There are 2 protein chains.
Amino acid sequence: MSEVVSKKPSRIQRRNRRVILDAALNIFAQHGFRGATLDQIATEAGLSKPNILYYFQGKEDIHVSLLSQLMETWLDPLVELDPYGDPQTEILDYVQRKLDMARDLPRESRLFAGEILQGAPYMGPHLESDLKPLFDEKCAVISGWIDQGKIAALDPQHLIFSIWATTQHYADFEAQVSVLLEKEAANRQRASNHLRALFSALLRPQSPPPSS
Amino acid sequence: MSEVVSKKPSRIQRRNRRVILDAALNIFAQHGFRGATLDQIATEAGLSKPNILYYFQGKEDIHVSLLSQLMETWLDPLVELDPYGDPQTEILDYVQRKLDMARDLPRESRLFAGEILQGAPYMGPHLESDLKPLFDEKCAVISGWIDQGKIAALDPQHLIFSIWATTQHYADFEAQVSVLLEKEAANRQRASNHLRALFSALLRPQSPPPSS
DNA sequence: CGAAAATTTTACCATTTGGTAAATACACGA
DNA sequence: TCGTGTATTTACCAAATGGTAAAATTTTCG
């Protein structure tokens, strides 16, 4: 018997699978699925191409493994949004967690972004089954806060979109951001301050009714 | 002499170049540069592959043509931001223009996003030469408004990032948005209202100083 | 019309790329 | 240390892909 899949994975198996996934994350995040080659991944991982195919069924298998592994991590900050916490704190902390994540895991952010950008060909089902229920749940939480008058009457769905957009922007559009911003140590803090100001301004209860 | 490049382009030339670029926009926006094939573009354009290569030097040439043509369009809404207009109106109108653009030109938005996501390998120089000067200029305009106390003391650079991020999100992450939002006619208006509320809340002069 | 120029098609080619078969080297428990 | 299953390499292959040469067709214009 060979077949890597079944039984308990050996020490070498775990190490090499980890090495391959890490290398693939680098390559896929930079070039996208179709732009990445197995040879690139192999080189990055320090293994031969056939050796990589000993651990994974193929290029697609690696990609899918990466994506489903990523889903958990990606949802985590939203999972932590506590219905029983202070609304302002909860939302602003969520923003901060997402921003930290974009900063600490830019490769993952770009992998995700690339997948969505191309129409989520591999992650579509995951979005439906994992992301949507969580999204709906947390939108309901925010709606509850609004009904209780604890935050302004905003649009929960679009609020979350704006949080995702603004935070992930720093990872996904890093090539643009780095051209436009002088390299300063303070940039991270400025981004954090800005987003805090942006969303706390929106949350303040005395928001006016939308015109137009 | 053949060589498409020089002299005045014929009727057929203009038509076919337009057809090819439009087809290529569809394909590149969906699959990215490396994910797109000349055969796909040819089929989409209703032309043969060699015929496409009669009008463009190669795949890269098509891509570059598309990107540089796009740059103008993309910068346009920011160009229109008027230093002598009312700050609130100017910024909120800019948000609206960007949102409209994401909605009306999703392919262009995704092409741009894909290029940046992969490190701007083709557009890097354009970012420096075209985008950065404009960005700096408009940041200065916003700074001026802040100094005059016309808007809150916000961070001009990151404000613009947030505007880009939130508006383009609807085009670039459409695959995700469409999973999470029920298909309603009102979605566009809700997004518009949300962003208006978001940024007008930030602009209001009585914003508090950032803590932390 | 008729010839020259522009356009399009047909038939290729070289390289890249995902993937496989089989032989070889290695690890590890008995 | 030996033997067995695990891990890795070597040597390939078929399909896809970007691109070209040259013949054939169509358009343009005097």
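Remember, it's a predicted structure, so these values are computed and weren't measured experimentally. Chain A is the first sequence line, chain B the second, and so forth, proteins listed ahead of strands; every chain is numbered from 1.
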Peer 1: Quick one: is B:Asn51 getting a side-chain N or O under 4.0 Å of the C:dT7 phosphate, OP1 or OP2?
Peer 2: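 No, no such contact exists.
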Peer 1: For D:dT8, does either OP1 or OP2 sit under 4.0 Å from a side-chain N or O belonging to A:Asn16?
Peer 2: yes
Peer 1: Are any side-chain N or O atoms of B:His194 and backbone N or O atoms of A:His158, one a donor and one an acceptor, separated by less than 3.5 Å?
Peer 2: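 Such a contact is found between B:His194 side chain and A:His158 backbone.
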Peer 1: Just by distance, do the side chain of A:Arg97 and the backbone of A:Pro77 share a donor-acceptor pair under 3.5 Å?
Peer 2: yes
Peer 1: Please give, in whole Å, the distance from C:dT15 C1' to B:Lys59 NZ?
Peer 2: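 Going from B:Lys59 (NZ) to C:dT15 (C1'), I get 14 Å.
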Peer 1: Check this for me: does any side-chain nitrogen of one of A:Asp22 and A:Arg107 sit under 4.0 Å from a carboxylate oxygen of the other?
Peer 2: yes
Peer 1: Distance check: side-chain N/O of A:Ser48 vs OP1/OP2 of D:dT9, anything under 4.0 Å?
Peer 2: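 For A:Ser48, the contact criterion (side-chain N or O under 4.0 Å from OP1 or OP2 of D:dT9) is met.
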Peer 1: Taking only side-chain N and O atoms of B:Arg15, does any of them lie within less than 4.0 angstrom of OP1 or OP2 on C:dT7?
Peer 2: no
Peer 1: Where the side chain of A:Lys49 is defined as all heavy atoms beyond and including C-beta, which of C:dT10, C:dG19, C:dT7 is the nearest nucleotide?
Peer 2: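 Closest of the options to the side chain of A:Lys49: C:dG19.
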Peer 1: Quick check for you: among C:dT20, D:dA21, D:dT17, whose closest atom lies nearest to any side-chain atom of A:Arg34?
Peer 2: D:dT17
Peer 1: Are OP1 or OP2 of C:dT8 and a side-chain N or O of B:Tyr54 less than 4.0 angstrom apart?
Peer 2: no
Peer 1: Within the pair B:Gln13 and C:dT7, is there a side-chain N or O less than 4.0 Å away from OP1 or OP2?
Peer 2: yes
